[in-house]
Amino acid sequence: MTREAPAESYDPNAIIDKWMKVWDDLHVYEADGLTEGDDATARSYVVSMYPYPSGDLHMGHAEVYSISDAIARYVRMQGHNVLNAIGWDSFGLPAENAALKRDLDPRDWTYANIAVQAESFRRLGVSFDWRTRLHTSDPEYYRWNQWLFLRLFDRGLAYRKEAAVNWCPNDRTVLANEQVIAGRCERCGTIVVQRPLTQWFFKTTAYAQRFLDDMAQLEGKWPHEVLAIQRNWIGRSSGAHIDFAITGRAEPVRVFTTRPDTLFGATFFVVAVDSPLADELCTDEQRAAFEAYQQTAATATEIERLATDRPKTGVFLGRYAINPAGGEQIPVYAADYVLAEYGTGAIMAVPAHDQRDLDFARAHGVPVRVVIATGEPDPAETGVATNGDGRLVNSGEFDGLPVEAAKEAITAKLAAEGVGEAAVTYRLRDWLLSRQRYWGTPIPIIHCPACGLVPVPDEQLPVELPTTGYELRPADGESPLSSATDWVNVECPSCGGPARRDTDTMDTFVDSSWYFLRYPNPNYTDGPFDPAGVARWLPVDEYIGGREHATGHLMYARFITKVLYDLGMVPFVEPFTKLMNQGQVIMAGKAMSKTLGNLVNLQEQIAAYGPDAVRVTMVFAGPPEDDIDWADVSPTGAMKWLARVWRLTGDIGVLPAPSEPDLALRRSIHKLIAEATTAMDTRRLNVGISRLMELTNLLRRAVDTGVGPGHPTVREGAEALVRMLSCFAPFTAEEGWERLGH
RNA sequence: GUCCGGGUGGUGGAAUGGCAGACACAGCCGCCUUAAAAGCGGCGGCCGAAAGGCGUACGGGUUCGAAUCCCGUCCCGGGCACCA
């Protein structure tokens, strides 16, 4: 049949205000009961990694929230009581940079950006429950960072030690990693050096094994890749600790090895050049050579340090280690290929069966002794260490044992003699959380000359940031807060004498390691989070965010959750039941950046195509996990589809002509509905949209050349289409629903 | 080096043991239009006139049947990287 040309046309931006007001007035996206309610319906807690307010929303935000909102809306349509939460990660470096550059208070810049982003979220039609809204830079929030810090401090999980930090010699200030560009200071271009300063740490290493063990619950629910990255990052190695006596020293030195079976092949001993032990073991005769080497090692550039094929250097320290198996004396070297922070900072070197040790031995004329017969060529001649399986040789009573049996037998013998034991080591390091910056949570510790480190009493929290009288770029390299003298100088809570506040602030990853616990009741004042809200919603059912957080935020959130479990504050050990990593939005094969000049502006896209078409484009582009190349997708195509749906609903109109259902058409409609549902259940959101497009085409044909627009089966299909569409394009769906007479 | 992914039309992708290329983008053709846009309809892996044959990086294998499972090779992306 022919249709008259539409007198009006689909205008995606004309329908935004109308529906925003309706949704607000009816509170349609508010969950049923934040901290209490009947338990008849299933509940789902949907959280997207919260935004950082560095300006207006960008394309990346649009992708994450298009995906998470489609999931939230779908689950809600399935009958769940859904809490779709939002807040802001509002402490952090860009606010400080903006403040320096424009002579602003970081607060003004931050809260202005939050206001802009909040309005943009509303105009994008994201179905947040705005009652969850929190900002981590609010004193009411960061107060609880401080409270949590003190609980970790009480338990010995927060401690101070010296660590290397980035230091700009020109600006005489500490730099965050993000401020170091290609080894140079972001502001002045000076080459950045490492400088030791005393820093605060959280003892994440105490939880290394639990991180691994609890992954059993995440298997199949988190992306396989993220679990693999975390396992890699934790880096569990099992082997043995072995004690070597040292000539002229009372105490033995302990090493860690994964190859106790090669103990008889140890022909030298190495300690990390930058460890205190190297300095202590050095004899007077070797002192000059050692200090010269120490200098060379300390000034190696980052690029040299990263090269894996650099020559093995080191210096003899003038002492010998005594092999606990056989009593052989072997020379002790200091070298930079042994890391001070890993294991014990000392190793037994077995050149025949370890490539690094062999490289060193060949460079320094140390003998090579094969102790595993692997059938491979002699490493002393080939320069290639052998690490295959085989039987022990040159190993006294252990000769003839295969590798695995020898590991056990030698470890058992060492243990029986009290000079070793089976041991596990992790590559994971403790979390360095102090920052020498202004715009973060002050560390609630007071330094008293008489009492030492004194926690600020809970009832004095929050320790609020000073709002005036500070200098953001102090001259002495300490935190900017050290120049706020009125704020820094306090009475010691313990002895009442003069004392100073800690002037460092916390890494913003502290803020983000527990924010999802506070969402159900962001105004709670009796603790960091409301136990009733946590009991009702946590753990998070659907967590959506970037893969780049695998070793950062996601590890920290897991850590804090486990600590809270140990404190009896939460009844679960894993915060996120299910995790989805969305991809990035890129442009013509490259990450969008100001320098490349390939930024796509979200508001311009919305102005051109409407919020719904931008959302549909994001979700339809491909699997949610994949990157979206904006050069390859078509917001025009998305908008055309939405216009087709819009016209279809207008053509069908309000009053169906009475007639019998068309069974064949009905079957086709319901097959597509079923397929769309399966796709949504398995989170193949792009496939879900394609089924809705097929349904649109089917109904268009039915209207034009089939049973006609007034047929009840067409109407049934159109109503289903519009309802499912609301997951992706809420404004157009509402408009279509209304055009269908609702 | 090591660990984890991946390789399907011009493009994004669909199909996870059962009709390869759904759905869309870009392209071409037709209808409509004075015209254009919009809209509606159609074509579209490769070879071939057709019949037919070939085809999911490459080589082998399992199976009645393989894009899908197994082995090997090549290539691409990502994590970690002197971690003992």
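Order of the sequence lines sets the chain letters (A, B, ...), proteins ahead of strands, with each chain counted from 1. Please read these numbers as outputs of a predicted model, since none were measured by experiment.
Without hydrogens or angle criteria, A:N323 side chain to A:L263 main chain gives a donor-acceptor distance under 3.5 Å.
Within 4.0 Å (heavy atoms only), A:D626 reaches sugar-phosphate atoms of the nucleic acid but no base atom. Nucleic acid contact class of A:I229 (heavy atoms, under 4.0 Å, all strands): sugar-phosphate only. Using a 4.0 Å heavy-atom distance criterion, A:S237 is classed as a sugar-phosphate-only contact. Note on A:G637: only backbone sugar-phosphate atoms sit closer than 4.0 angstrom, heavy atoms only; bases stay farther off. Counting any heavy atom pair closer than 4.0 Å across all strands shown, A:W641 reaches no nucleic acid atom. No engagement by A:V270 is indicated, since no non-hydrogen atom pair under 4.0 Å with the nucleic acid exists. Using a 4.0 Å heavy-atom criterion, one finds that A:R429 contacts the bases of the nucleic acid, with or without backbone contacts as well.
Computed from coordinates, the A:L648 CG to B:C40 P distance equals 10 Å when rounded to whole Å. The CD atom of A:E225 sits 10 Å away from the P atom of B:G6 (whole-angstrom rounding). With rounding to whole Å, A:I234 atom CD1 is found 17 Å from B:A81 atom C1'. For the pair A:D11 CG and B:A38 P, the interatomic distance rounds to 17 Å; values are reported in whole Å. One atom, CD of A:Q355, and another, C1' of B:A81, lie 15 Å apart when rounded to the nearest Å. Regarding A:I586, its CD1 atom lies at a distance of 12 Å from the P atom of B:G77, rounded to whole Å. Separating the CG atom of A:L554 from the C1' atom of B:G79 is a distance of 14 Å, rounded to the nearest angstrom. Remark: P of B:A24 and CZ of A:F728 are 15 Å apart, rounded to the nearest angstrom.
Side-chain atoms of A:Y293 and A:T313 form a donor-acceptor pair, as typed in the model, at a separation below 3.5 Å. At a cut-off of 3.5 Å, with distance as the only test, no side-chain donor of A:W222 or A:Q230 sits close to an acceptor on the other residue. With 3.5 Å as the limit, one finds a donor-acceptor pair spanning the side chains of A:Q209 and A:R236.
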Next on the checklist: Evaluate A:L648 against A:R644 for side chain to side chain contact (heavy atoms under 4.5 Å, CB included), listing each step before the verdict.
Outcome noted: CA-CA 6 Å; A:L648 183 71; A:R644 274 163 66 80; over 6 Å; no
Item to check | Derivation of the side chain to side chain contact (heavy atoms under 4.5 Å, CB included) call for A:M680 and A:L685 | outcome: CA-CA 6 Å; A:M680 294 304 286; A:L685 309 182; 3.7 Å; yes
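Spacing between B:A15 and B:A24 at atom C1', rounded to whole Å, works out to 16 Å. Across the P atoms, B:G10 and B:G6 are found 23 Å apart, a figure rounded to whole Å. Here, B:C19 and B:U68 have their C1' atoms 16 Å apart, quoted to the whole Å. Taking the P atom of each, B:A51 and B:G45 are spaced 15 Å apart, rounded to whole Å. Comparing the same atom, C1', in B:A81 and in B:C75 gives a spacing of 23 Å after rounding to whole Å. Of the C1' atoms belonging to B:U33 and B:G41, the separation is 16 Å, rounded to the nearest Å. Taking the C1' atoms as reference points, B:G21 lies 11 Å from B:A67, given to the whole Å. For B:G9 and B:A22, the P atoms lie 13 Å apart once the distance is rounded to whole Å.
When Watson-Crick and G-U wobble pairs are counted only if both distances are under 3.5 Å, B:A66 pairs with no nucleotide at all. Across all strands shown, the partner of B:G1 is B:C80, judged by Watson-Crick or G-U wobble contacts whose two distances both fall under 3.5 Å. Look at B:C28: its Watson-Crick or wobble partner, with both distances under 3.5 angstrom, is B:G42. Here B:A22 sits opposite no nucleotide as a Watson-Crick or G-U wobble pair (both hydrogen-bonding atom distances under 3.5 Å). Checking B:A35 for Watson-Crick or G-U wobble geometry (two distances, each under 3.5 Å) identifies no partner in any strand. Judged by Watson-Crick or G-U wobble contacts below 3.5 Å, the nucleotide B:G48 has no partner.
When distances run from any side-chain atom of A:I347 to the nucleotides B:G13, B:A84, B:G39, the shortest one goes to B:A84. When each of B:C25, B:A14, B:G41 is scored by its nearest atom to the side-chain atoms of A:S634, the top-ranked nucleotide is B:C25. Distance from the side chain of A:D336 is smallest for B:C82 among the nucleotides B:G13, B:G12, B:C82.
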Shorter than 3.5 Å, N or O on both sides, protein versus nucleotides 16-23 of chain B: list them out with atom names.
none

Close N/O contacts between protein and nucleotides 27-33 of chain B (under 3.5 Å):
none

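Of the residues near RNA chain B, A:R644 and A:A346, the one whose nearest nucleotide (by heavy atom distance) lies more toward the 5' end is A:R644. Comparing A:K640 and A:R547 by the nucleotide of RNA chain B whose heavy atom lies nearest to each, the residue mapping closer to the 5' end is A:K640.
Using a cutoff of 4.0 Å between basic side-chain nitrogens and carboxylate oxygens, A:D651 and A:R647 are not scored as salt-bridged. No salt bridge links A:E735 with A:R739; every basic N to acidic carboxylate O contact stays at or beyond 4.0 Å. Ion pair A:E625/A:R683 not flagged as a salt bridge, since none of the NZ, NE, NH1 or NH2 atoms sits closer than 4.0 Å to an Asp/Glu carboxylate oxygen.
Ring geometry, A:F268 versus A:F360: the interplanar angle falls under 30°, so the pair is classed parallel (tilted spans 30 to 60°). Ring orientation note: the planes of A:F202 and A:W431 are nearly perpendicular, at an angle over 60° on the 30°/60° scale. Between A:Y207 and A:F559, the ring planes lie perpendicular to each other; the angle is over 60°, past the 30° to 60° tilted range.
Atom CD of A:Q217 has more than 12 neighbouring heavy atoms from other residues, nucleotides or ligands inside a 6.0 Å radius.
Look at A:Y342 and you'll find a side-chain N or O under 4.0 angstrom from OP1 or OP2 of B:A84.
B:G9 takes the syn form, because its glycosidic angle lies no more than 90° either side of 0.
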